[in-house]
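Take a look at the structure below.
For this chain, numbers begin at 1 and follow the sequence in order. Both backbone and side-chain heavy atoms feed into the values below; hydrogens, waters and symmetry mates do not.
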Amino acid sequence: MRVKFLAPLALAAMLSAETQSKEAGGDLTLVSVKAFPIEWFKIGSDQKRFGQLEFVGGLEMVSDTRDFGAFSAFRFDGAGARFLGVADTGFWFSGEVLRDSEGRPTGLDEFKMRTMGGGDGGGDDHKWHTDAEGMVLNGGRVTVSFERVHR
């Protein structure tokens, strides 16, 4: 049994974010990301089953972009390819997971980032205000949780 996170509105939410990027804190930026498949969950072990969960693969990702990383939460669309997420450093990100014929992740495509908007519609560069930790998609609405300054 494979466990999937389903969020059918993630793609719609990101498309909406693309159309409003100027008002919500910045331009959507295509980011170059190199991804390397991770084939084993535990080095030196071929174990792939953990109770009802099956490890199907992972990705080690690197980028020259300074703001890349610190991912806190992401949700996949219903097909499990496109995703939307938030970073601990106050960024939205989206993209698509590329998979091989057996469904194992092999890379990323169309990875994009932009700053999260502040309460006034502009960006906020202070870590204290942009420490995003979680994200929920519900009924076309994206709700993000933050550390420290709750809102």
Side-chain angles (χ1 to χ4, degrees), residues 1-22 24-51 53-118 122-137 142-149:
M1 171 167 122
R2 291 184 183 179
V3 177
K4 295 181 181 178
F5 293 99
L6 300 178
L9 300 173
L11 180 57
M14 192 62 213
L15 289 175
S16 174
E18 288 179 27
T19 62
Q20 300 173 7
S21 65
K22 289 278 187 195
D27 291 322
L28 198 60
T29 304
L30 190 61
V31 175
S32 176
V33 178
K34 292 180 184 176
F36 307 95
I38 298 172
E39 298 179 17
W40 307 106
F41 187 77
K42 182 178 178 185
I43 295 175
S45 172
D46 61 356
Q47 182 181 2
K48 297 218 180 230
R49 305 276 315 163
F50 302 90
L53 301 177
E54 177 186 357
F55 177 72
V56 295
L59 294 172
E60 177 182 350
M61 302 173 290
V62 295
S63 176
D64 291 336
T65 302
R66 183 180 143 243
D67 297 316
F68 181 82
F71 306 137
S72 295
F74 62 93
R75 299 293 179 263
F76 284 104
D77 67 5
R82 298 231 18 106
F83 58 85
L84 173 68
V86 294
D88 199 38
T89 52
F91 285 85
W92 292 102
F93 61 88
S94 69
E96 181 176 354
V97 175
L98 303 175
R99 298 176 189 274
D100 66 14
S101 61
E102 295 182 29
R104 295 178 298 231
T106 60
L108 295 177
D109 193 32
E110 292 295 311
F111 191 91
K112 298 176 184 176
M113 293 178 67
R114 73 173 179 86
T115 59
M116 299 180 105
D124 190 337
D125 293 331
H126 301 290
K127 169 73 170 154
W128 190 263
H129 295 124
T130 60
D131 198 350
E133 293 300 325
M135 182 181 75
V136 174
L137 298 167
V142 179
T143 303
V144 177
S145 61
F146 293 88
E147 279 190 32
R148 297 181 188 94
V149 181

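- Judged by distance alone, the side chain of Ser72 and the main-chain N or O of Gly134 form no donor-acceptor pair under 3.5 Å.
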**Q.** From CA spacing to verdict: side chain to side chain contact (heavy atoms under 4.5 Å, CB included), Leu108, Val97
**A.** CA-CA 5 Å; Leu108 295 177; Val97 175; 4.0 Å; yes
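- Between Phe83 and Phe74, the ring planes are perpendicular. Angles over 60° get that label, and only those under 30° would be called parallel.
- Expressed to the nearest 0.5 Å, how far CG of Leu28 lies from CE of Met113 amounts to 10.5 Å.
- To the nearest 0.5 angstrom, Glu96 atom CD is 8.0 Å from Glu110 atom CD.
- How far CH2 of Trp92 is from CE of Met116: 4.5 Å, rounded to the nearest 0.5 Å.
- Taking every heavy atom of both residues into account, Pro105 and Pro37 meet most closely at O-CB, 4.0 Å.
- Note that the OG1 atom of Thr29 and the CZ atom of Phe111 stand 11.0 Å from one another [nearest 0.5 Å].
- Looking at every heavy atom in both residues, Phe91 comes nearest to Thr115 through CE2-CG2, 3.5 Å.
- Contact between Met135 and Arg75 at its shortest, heavy atoms only, is O-NH2, 3.1 Å.
- Met61 approaches Phe71 most closely through the heavy-atom pair CE-CE1, 4.0 Å.
- Rounded to the nearest 0.5 angstrom, Leu59 CG and Thr106 OG1 are separated by 7.5 Å.
- Across Ser63 and Ser32, no two heavy atoms sit closer than the pair OG-O, 2.8 Å.
- Around NZ of Lys48, the count of heavy atoms belonging to other residues, nucleotides or ligands within 6.0 Å exceeds 12.
- Across Ile38 and Phe55, no two heavy atoms sit closer than the pair O-CZ, 3.8 Å.
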